[in-house]
Amino acid sequence: MSKIYESLNPPQQEAVSCTEGPLLILAGAGSGKTRVLTHRIAYLIEEKGVDPWNILAITFTNKAADEMRERVDRLVGNGCESIWVSTFHSACVRILRRHIDFLGYDNHFVIYDTDDQKSVVKDIVKRFDLDTRVYKEKALMARISQAKDRLLTADDLAKDARDSFEETAARVYREYQSVLVRNNALDFDDLIFRTVELFEKHPQVLDYYQERFKYILVDEYQDTNLAQFRLIGLLAEKYQNLCVVGDDDQSIYRFRGADIRNILQFENVFPDAVVIRLEQNYRSTAQILEAANFVIANNEGRKEKRLWTANEPGEKIRFRQFLNGFEEAEYIVGEIEKARREGEFRYKDCAVLYRTNAQSRLFEEKLLYAGIPYKIVGGINFYARKEIKDLLAYLKTVDNARDDLSVRRILNVPRRGIGDTTQARIQAYAEDMGYSFYEALRVAEEIPSMGRSLKKIEGFVNLIQTLKSKAELFSVRELLEEVIKATGYVEELQAEGTEEAESRIENIDELVSKSQAYMEAAEARGETPTLSAFLEEIALVADIDTVDNTQDYVLLMTLHSAKGLEFPWVFMAGMEEDLFPNVSYQRGGDEEELEEERRLCYVGITRAMKRLTMTSARQRMLRGDIQMHSVSRFVHEIPRDLVDLGYTVEDKNPKLSSVLPSQSPYAKMREAFRAKPYQKTASAPSPRNFGDSGKKDELDYTVGDTVRHAKFGVGKVTEIVKGGRDYEVTVEFDRAGRRKMFAGFAKLQKI
């Protein structure tokens, strides 16, 4: 074995050299699985003489795929560009671009994001005249996604329907698919669903890829769903050289369809499989690792393993309990600023993890007040902003004019005065003639009662046709700049002269930069940059792919988003029963759900390299009401000798009971609080006690209005809910993202 493999520990070396037949690598957190995968690829090429062309490596995020490819490049050098290293979705897109015409699609299909899917479902709900209080768009979208994850068609869903909701969901699913087919579009779930369908219906295509990929490696196998399991099974069926790497203790995506049984029962599916455990952790200190081991040991549905490390013991896990979420956020932000001031940690060394997105608000406010830079992973996506969606819709229309959704989006961008009535006539004509919406626009003179709108429609069609002709000659960046120029999009924003308009122009500039970066990256890979590939790359961007490791900012994210990352200092906030674990037996929670929550806690703990701080609050405002919370059972599962309690509110559990130190700045407040425990009575604290100015009888703004906030700047009101004490207003701010706030607190001014 070459010297490059001598740095691997014995189990890692075994995993690298076991190349033939099915192999399950149980890789604990921080055990060097990416190192094993990349060295295994190098070993296949250098030691076994495998052609790089015959290797497929699959992972879940673009970030992980890019990291794997870079490492393989360094190890192997020439020839490695022939290896497919990509995500499930990217690999399927490459296959479908070449063969989807076997399924009746055009190869220039578009990929719909969540917003696009929502628009389609919303339109179907309206056309079916469904009660939106019963048939919510998100619930219908989730049901369709679940069905596709299980490889179920609309007919399958209808056959298995157990109630009226599922029967209606099947109807919506059927119409939804019809719309996608008409628009030559696929959603994310379709990318895998259609690839499996392609392989099953056209064995000659499957045989080609089985011969192409004789050695298959799959990362994060515990996160695969049924469709992904079937896809990999089909590809590996012929040669059986399948290596899957995963950790059942980190299976946390059940709500997305991930099936932990795929990894737990791997040996049942592949009886000849070899199982190798990687248990040495290289990331965390010994005390952090011990805490993780003790927590996860409480799960029954897992494969036995115990992580260990040769790293230093390190600090104890810090646990701090506070009176409320405000105090919790103030403490965490203060600790981060203090550590940076003293040169102990940089901002980018720190991550605040929480169970639900709603918990981010207080941390954002405190970070803003402190002037600390931060980034929310999972906040409003750059590509979901209006100006970006508009310009991308132009590019999508140029690339695939069958995409009715994109065409209708830009028909009046900029304003052309083509009204709803005219659009309805065009749509009706398109449906009668079997045309796409754009095809109907091209023959608008044949549609009755077009009147003065006809000239405006002709102007739009001429613009698109001109852009289509230029697309054959222009680069992606040049075409984007031509769209911006031809539509006058930036000129209109400049004419507004507002702070909001300036921010939107900056976003457009960033999109141009993205197009240039795409072209340079494609050329570096030896590929020809194309408009289709550019749109495809954008469609497959995940939240975590936007994290820039060179920027010095604190990261805020949910525990789910933190998967695959690591930080010198991790704060796990909201360690409270009913919040984390977020399981309610009253609403049907079960033991499997609790075990997944525990795995999520394990993931959070093992993100920490040097220091881990857990925090909780005795009382927290949820949905406008103050609720009392006890400390999370997961904290109680950590042995007392691993925990530094500091100035913690006294807890009855013997593992955590302690006397508050006299130097605690909160001691007197806590003693007073303990003497008068919170009770939900007429005299109990209310939002007004925390600074609420009281409910406003009427608001001077409504949904759709642009408003200004003293701190967050300019935004658009997206939702207003009338509560018992005040209106809860949701605003999409240009710079600060989505915020929910009480009107009395917010003091929003209509612009």
Begin with the C-alpha distance, continue with both residues' side-chain angles, and end with the deciding distance and a verdict on ring-ring contact (aromatic ring centres under 6.0 Å, His included) for Y553 and Y374. CA-CA 5 Å; Y553 46 50; Y374 69 92; 8.9 Å; no
Using the rule given for salt bridge (charged side-chain N to carboxylate O under 4.0 Å, His left out), can you reason through D349 versus R340, listing the C-alpha separation, both sets of side-chain angles and the distance that settles it, and then say yes or no? CA-CA 9 Å; D349 294 332; R340 186 201 182 247; over 6 Å; no
Is there a donor-acceptor contact under 3.5 Å from the side chain of Y105 to the main chain of L186? no
Considering only residues two or more places apart or on different chains, which pairs with a residue in residues 90-100 satisfy side-chain hydrogen bond (donor to acceptor under 3.5 Å, both in side chains)? T87-S90, R97-E536, R98-Y208, H99-Y209
For the side chain of N183 and the backbone of L180, is there at least one donor-acceptor N/O pair under 3.5 Å apart? no
Given the rule in the ring-ring contact (aromatic ring centres under 6.0 Å, His included) test, do W569 and F567 qualify, once you have shown the distances and angles that lead to the verdict? CA-CA 5 Å; W569 192 357; F567 306 93; over 10 Å; no
K468, NZ atom: more than 12 neighbouring heavy atoms under 6.0 Å: yes
Under 3.5 Å donor-acceptor, D106 side chain and N184 backbone: no
Is the terminal nitrogen or CZ of R402 (NZ for Lys, CZ for Arg) located under 6.0 angstrom from the six-membered ring centre of Y438 and within 45° of that ring's axis? no
Is it the case that atom NZ in K122 sees more than 12 heavy atoms from other parts of the structure closer than 6.0 Å? no
Looking at R416 and L411, would you say the former's side chain and the latter's main chain have a donor-acceptor pair under 3.5 Å? yes
Taking D399 for the side chain and K396 for the main chain, is one N or O donor matched with an acceptor at less than 3.5 Å? no
Test item: side-chain donor near acceptor, Y253 and N225, under 3.5 Å: no
When you check the side-chain N and O atoms of Q427 and Q423, is any donor under 3.5 Å from an acceptor? no
Side-chain donor/acceptor of D552 to backbone N/O of K348, under 3.5 Å: yes
More than 12 non-hydrogen atoms from neighbouring residues, nucleotides or ligands closer than 6.0 Å to CD on E491, yes or no? no
Can you confirm whether D420 is buried at CG, in the sense that more than 12 heavy atoms of other residues, nucleotides or ligands lie under 6.0 Å from that atom? no
Sidechain N-carboxylate O distance under 4.0 Å for K375, E364: no
Around R341, counting heavy atoms of other residues, nucleotides and ligands shown, do more than 12 lie under 6.0 Å from its CZ? yes
Do NZ/NE/NH1/NH2 and the carboxylate oxygens of R477 and E481 come within less than 4.0 Å? yes
Mark yes when over 12 heavy atoms from residues, nucleotides or ligands other than K610 sit less than 6.0 Å from its NZ; otherwise mark no. no
Have a look at R504 and tell me which of E496, E387, E492 forms a side-chain hydrogen bond (donor to acceptor under 3.5 Å, both in side chains) with it. E387
With no hydrogens and no angle check, do the side chains of Q177 and K148 hold a donor and an acceptor under 3.5 Å apart? yes
Distance only, no hydrogens: is a donor on one side chain within 3.5 Å (strictly under) of an acceptor on the other, for S503 and E500? no
Would R71 and E67 satisfy salt bridge (charged side-chain N to carboxylate O under 4.0 Å, His left out), going step by step from the backbone distance to the final call? CA-CA 6 Å; R71 292 200 194 184; E67 180 185 356; 2.7 Å; yes
Decide salt bridge (charged side-chain N to carboxylate O under 4.0 Å, His left out) for K716 and E732; before the verdict, give the C-alpha distance in whole Å, the side-chain angles of both, and the deciding distance to 0.1 Å. CA-CA 5 Å; K716 186 176 182 180; E732 201 72 67; over 6 Å; no
Side-chain H-bond candidate by donor/acceptor type, D404 with S436, under 3.5 Å: no
Taking all non-hydrogen atoms of both residues into account, name the closest pair between A65 and T59 and its distance. N-CG2, 3.5 Å
